[in-house]
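Right, one structure below, let's go through it.
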Amino acid sequence: MDLRAQNITHCYGDMVVLDDVSLEIPAGEILCIIGPSGCGKSTLLRLLGGLEQPSDGQVLQLGAPPHGCLNPLTYVFQDFALLPWRTVEGNVSLVLEDHGLERHAADAIIDDVLTRTKLYDFKAALPRQLSGGMKQRVAIARALAVNPAVMLLDEPLSALDAQTRELLMDDLIALWTRQPFTGVYVTHNLAEAVRLGHRIAVLSRRPGRVRDVIKVPFALGDRRAGLPEMDAIQTRLWEMMRDEALAADQELADV
Amino acid sequence: MSDARPVTFRGGGFRPTARRGTGIVVFVLLIAVIEWGTRAGWISNLTLPRPSDVARTFVDLWNTGLLFQHLVPSLTRLVVGGAMGITAGILVGVMIGLFSYARAGLVPLVAAIFPIPKIALLPLFVIWFGIDEGSKYALIALGTFTPTVVATYGAVDNVDRTLIRMGQSFGLSWMSIVRKIVLPGSLPGILSGMRVSVAIGIILLVAAEMLGAEYGVGAYILQAGALYDLERLFAGVVILSVLGVLTSWMIGQAEKRLLRWRS
Ligand SMILES: Nc1ncnc2c1ncn2[C@@H]1O[C@H](COP(=O)(O)OP(=O)(O)OP(=O)(O)O)[C@@H](O)[C@H]1O
Ligand SMILES: [Mg+2]
C-alpha cells in the first residue's frame, strides 16, 4: 500500500504551518523528513496518520493494506507512549485485544515481535524498569505487532543517548532488511536521515513547504558511517538546512 | 594547593522516607505525658480525662459487649453510605472528565454542593428518607460524593493525553481507551481522593447519629457529651481515630497493590 499526501495545507488559527505539501510514500520505502524546528514535521505526520484533519488537501491510501494488517497507519512516538501499568507483553497485547484474535494467535504475534526486537526475556518487566532504548524497542515491537502498512515515526530516537541511538538505528535497519516496511521517519538528525532514508524530504521553515526530495542511491544494508558519498549527501542536506535553520532561529528570536 | 578542604555536603533531605514506629512513639509519649499530668495534678481532671480511666471505660465497653453494639451499626452506615457516595462520585467524576456537556452542566452544581455543611441538611434528609437508616446513608453518601467527584475528574484530566492519542492511533475502541487507558491512569488520583472522602464519611457518621440513633459510635459520643462524661466521650473519640487510621491504612495497602507500576 502506498501513501500520498496531496497538496496539504494546514493552519492553526491564522498561522499557516504547512503550505501545499505533496509527498509520495511508495510501499517498502522509508521517507525521511527533515526541516527546521517548528516547520510542521510533527503536524505533517499527525495528518498522514489521521490524528488530525488538514485544512486543505488530502491524504490518500493507494491500494490495499497487506494481508493480516491490523492497523495500516501505525505510529512510533518520540516519548514511547507506553502504558506504565502494563508489562512489556501487556503493552504489545493492548493493540491486539480489540481485533478479536484467538489467544494463541495473539500470543504467537507477541512472541514473534518481542523476539525480533530482542525483548523476549523482558516480557514481564514494567516500563519503569526499562532503559530508554528498551522502552523505544517495546514501542517498535508494539508497532510491528499490528503488521502496519506504513510506520510513522516522529523522532523516535531523539529522547535517547548517542550510543543507544546507534544501536537502535542498527536494529531498525536489521528489521527493515529482514522484512521491508514502509516508513515515514521524522528526524532532526541528518546522519540518521542519510542512514535510514531511501528518500529524504527537506522542508522549509514555517510555513513548511517541500524544498527538495533527495534520493539516497545505496541499499540500506550497504550504508556505513563515514562513506564519502554519504557524507556528500549529508553535507548537501546541511547546506540546505543551514539557511532555513538560521532564518527560523532569527524569526523565533524576533517574536 | 596546601589548603585542601573536603567539599561540604549540602544535598539530601526533602525526601521523607518510612520511619517505622515513630508514629507509635509520638502517641505513647503524648499519652504518657497526659497520664503523668493528670496524676500529678497539673492537668485538672476537668480539662482532660486520665488516659487510664479512658482505657478502663474501653475495657468495660468490650466486656459488656456494648462496643460491638455501637460499632456494628456505625460501620454499616459508613460502609453503605460511603460505598454509595464513592461509587456515584467516581461515575459522575469520570463522566465530567470525558463529556463536555457533563462537565459544563455538573461542575457548577458540584461546586455549589461542595461547601454546604451537610449536617445542616440532616433535617431535610429526615423528611425525605425517614428518621431511620435512610437519612443516615444519604448524609454520608452526599458527604463522600462531592470530594470523590472533584478528585476523580481531576484525575481523569491528568491522564497523559499522549497515551490516549496512542490508543486512538492504534484504532482502539472508545470503550477500550476508557477502560484500559483512562481508568487505570486516573486510579492514583481516585485513590488519594478516597482518603479524603472516607475521612469526611467518618466525620459525618457522628452527625448522622445525632438524630434518632440509639446505637452507634456517634450516638455514644453525643450521649456522653451531653452528660459531660469525659471518659466515655474520649473512649468514643478514640474509636473514631482508630477507624480513621485503619481506613487510611487500608487505602494505603490498596495503593501498594494496585499502583505497583509507579516508580
Ligand atoms: N495543536 C496545535 N495548536 C496550535 N499550534 C500548534 C499545534 N501543534 C503545533 N502547533 C504549532 O505548529 C507549528 C509546527 O509544529 P510542529 O510540532 O509540527 O513542528 P515540528 O517541525 O515537529 O517541530 P520540532 O522540530 O520542534 O518537533 C509550531 O509553531 C507549533 O507551535
Ligand atoms: Mg516535532
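A note on names: the letters A, B, ... follow the listed sequences, proteins ahead of strands, and every chain is numbered from 1.
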Every donor-acceptor pair from chain B to chain A under 3.5 Å, please, each on its own line.
residue	atom	partner	partner atom	Å
S169(B)	O	N71(A)	ND2	2.9
S173(B)	N	D98(A)	OD2	2.7
S173(B)	OG	D98(A)	OD2	3.3
S176(B)	OG	D98(A)	OD1	2.7
S176(B)	OG	D98(A)	OD2	3.0
K180(B)	O	W85(A)	NE1	3.2
K180(B)	NZ	E97(A)	OE1	2.8
R260(B)	O	R128(A)	NE	3.4
R260(B)	O	R128(A)	NH2	2.6
W261(B)	O	R128(A)	NE	3.1
R262(B)	O	R128(A)	NE	3.4

| field | Whether over 12 other heavy atoms sit under 6.0 Å from F27(B) CZ | value | no

| request: Would you indicate whether I24(B), at its atom CD1, is surrounded by more than 12 heavy atoms from other residues, nucleotides or ligands within a distance under 6.0 Å? | output: no

| request: With a 4.5 angstrom heavy-atom cut-off, could you sort out which part of L187(B) is near chain A: side chain, backbone, both or neither? | output: neither

| request: Heavy-atom distances under 4.5 Å only: say whether L70(A) touches chain B with side chain, backbone, both or neither. | output: neither

| Interface moiety of L94(A) toward chain B, non-hydrogen atoms closer than 4.5 Å | both

